[in-house]
Chemist: 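Dropping the structure in here first, questions after.
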2 protein chains.
Amino acid sequence: MAEASADRGRTTRQRLLGAAAALIAEAGWGGVSTRMVAERAGVAPGVVHYHFASLPDLLIAASTGVARAMLEELTARLAEQPDPETGVEWLLGELSRYTGTDPASLLIVEMYLAAARLPELRERLHELVADSRAQIASWLRDRGHAGDAEATAAVLVAAVDGLVLHRGLDPALDLTALAGPLRAMVRTDRTDRHEEGSGT
Amino acid sequence: MAEASADRGRTTRQRLLGAAAALIAEAGWGGVSTRMVAERAGVAPGVVHYHFASLPDLLIAASTGVARAMLEELTARLAEQPDPETGVEWLLGELSRYTGTDPASLLIVEMYLAAARLPELRERLHELVADSRAQIASWLRDRGHAGDAEATAAVLVAAVDGLVLHRGLDPALDLTALAGPLRAMVRTDRTDRHEEGSGT
DNA sequence: TACGGTTTTGGTCAATCGTCCAAGACGTTC
DNA sequence: GAACGTCTTGGACGATTGACCAAAACCGTA
C-alpha cells in the first residue's frame, strides 16, 4: 500500500487544522478563507477541499479540537484541587492568563459565536460543556458541597465563560478580586438550607 | 428649509437600523450585507452608504441601540426588587424568556463576539456593561449586601451573559433551577467574613 | 414656474469568495 | 520500468461582496 503517502496526508491535515485554529483567532470565524488557511499551512489552495468536505467542516474540526484539549486540561486540574473554595481561587488565577484578546480566548469566543449558526458545531460544543459541567458537579459533590452540585456547576461554568467574555471588553478587570462571591457560591451547604430541597 | 426631506431621511435611517438589527439576529454579524439590509428596509441598495459611513458603522449603531434599551430595562426592573435574593430569583425568571435562539439572544451574542474584532463596538459595549455593573452593585449595597458589592455584581453580570450563551447550546437548560447558587452568592455578608476586607 | 437642499435610485467597479477539476508528483508494489 | 493509490498543484468558474457615483426624484420656498 501507499502508506507513506497516507502519512504525508495526515501531516498535511494536521497542519491545516493548526493553521485554521490560529486564523480563527486572528481573523475571526467569518474572516477565514480557504486560501488563507492553505497559505498559512504552506500548501496549495486546492488542498483544503481534498482533506475536508467544506470550509465550515475544517473550522469545526479545528476549533473543537483545541477547545476539547483546553477544557479537559482545565477541568482535570480543577478536580485536583482539595476543596471547592481553594478550587475557585485557583480557577480565577488560571483564568487570569486569558486576557480576552489572546488567541486562546478569541478562539473560544469565535467558536461560541459560530455555534449559534452551525448545528453540528453547536452539538459538539454542547457535549464539551455538558461534560465539564458534569465533572465539576461530581467534584463538588465529592468535596462535600451539600447544595445542588449540578446547579452550582452550571452557574460556575457560565460565570467562567461570561468572565472571559467580559475580560475581552475590559482587560483591566481583576479576576482574582472576584473570589469572594464565587467562594460563597460553592459552599452553599451551611448557608442555603431552609425552604428548598438539597438537589438531586 | 427642506425639513420634510430631513424627516423622510430620519425615517429611512430608523428603518435601516431596525432591518439591520433583525438581520444580525437572523444571519449573524458577518452574514449581513448592505443589499440585504436595503431590501429588508424597502430601499435601494445604495442608500445604506448615504446614511452610514460603512456597513460596520450601521451594524454597530443598530446593535448597541437595541442592547442599550434591553440592558437598561433589565437593570432598572432588577433594582426595583426588594432584596437581592428575590432579585436573582426574578432575574432568572426574566432570563428564561430568552431561549438562546430567539432574535434578542442572538443579537446580544453576535454583538459580544463581534466586539472582539471591532474596537469601537467593544468600547461602547464596555460602557453599557460597566454601567449595569455599577447600578447592580449600588443596588446590592443599598439592600444590605455587606460583601464586595462590586465583585458580586461583576460575577452576577458575567453569569447572566454566560447563561444566555449556554442557553443557546442547550435550550433545555432550566435557569430557575439555578437560583440556589446565585442566592448564596448575593448574600455573602454573614457567610464570607473571615480573612478579606469587606469591599471598596 | 424655477430654485434649493436633501434624499433616493439603479447600476458599475474591482476584489474576494467557496468550490471544483484536470493534470502532475510522489512512493510503493509488481 | 510500468502500474497503482494517494496526495498536491495551480488555475478556472460563477456568485457575492463593500463601496461608490451620476442622475433622478422629492418637497418646501421664492
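Only a predicted model underlies this, so the values are computations on that prediction, with no experimental measurement involved. Letters go in sequence order (proteins before strands), and every chain restarts at 1.
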Chemist: Would you mind classifying the nucleic acid contact of A:V48 as base, sugar-phosphate or nothing, using non-hydrogen atoms under 4.0 angstrom?
Modeler: nothing
Chemist: Rounded to the nearest Å, what distance is computed from the OH atom of residue B:Y50 to the P atom of nucleotide C:dT6?
Modeler: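 Rounded to whole Å, this separation is 7 Å.
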Chemist: Reading DNA chain D from 5' onward, which residue's closest nucleotide shows up sooner: A:G42 or A:R35?
Modeler: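 Looking at the nearest nucleotide for each, A:G42 comes out on the 5' side.
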Chemist: To the nearest Å, give me how far apart CD (A:E39) and P (D:dG10) are.
Modeler: 13 Å
Chemist: Side chain of B:H51 only, heavy atoms from C-beta on: which candidate in C:dT8, D:dG18, D:dT9 is closest?
Modeler: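 Of the candidates, C:dT8 comes closest.
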Chemist: Taking B:T101's backbone N and O only, do any of them form a donor-acceptor pair with B:S105's side chain (distance below 3.5 Å, no angle check)?
Modeler: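 Not at all, since once roles are kept as given, no pair shorter than 3.5 Å links the two residues.
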Chemist: Look at the side chain of A:T12 and decide which nucleotide, out of C:dT9, D:dT8, D:dG18, has an atom nearest to it.
Modeler: D:dT8
Chemist: Once you apply a heavy-atom cut-off of 4.0 Å, does A:T34 come out as touching a base, just sugar-phosphate, or nothing?
Modeler: base
Chemist: Is any side-chain heavy atom of A:V37 less than 4.5 Å from a side-chain heavy atom of A:T34?
Modeler: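 No, too far: nothing below the 4.5 Å cut-off.
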Chemist: Salt bridge or not for A:E73 and A:R68, using N-O below 4.0 Å?
Modeler: no
Chemist: I want to check something: taking the side chain as every heavy atom from C-beta on, are A:D57 and A:E120 in contact at a cut-off of under 4.5 Å?
Modeler: yes
Chemist: Roughly, in whole Å, what's the span from CG in B:L55 to C1' in D:dG18?
Modeler: 7 Å
Chemist: Can you tell me how far P of C:dT6 sits from CZ of B:R13, to the nearest Å?
Modeler: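 Computing the B:R13:CZ to C:dT6:P distance gives 16 Å.
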Chemist: Among C:dT19, C:dT6, D:dT9, which nucleotide has an atom closest to any side-chain atom of A:V47?
Modeler: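 Between C:dT19, C:dT6, D:dT9, the one nearest the side chain of A:V47 would be D:dT9.
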Chemist: May I ask you to say what B:V32 touches in the nucleic acid, namely base, sugar-phosphate or nothing, with a heavy-atom cut-off under 4.0 Å?
Modeler: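 Contact class for B:V32: sugar-phosphate only.
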Chemist: For D:dC20, does either OP1 or OP2 sit under 4.0 Å from a side-chain N or O belonging to B:H49?
Modeler: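 False: B:H49 side-chain N/O out of range (4.0 Å or more) of D:dC20 OP1/OP2.
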Chemist: In whole Å, I'd like the distance from the CG atom of B:L59 to the P atom of D:dT17.
Modeler: 13 Å
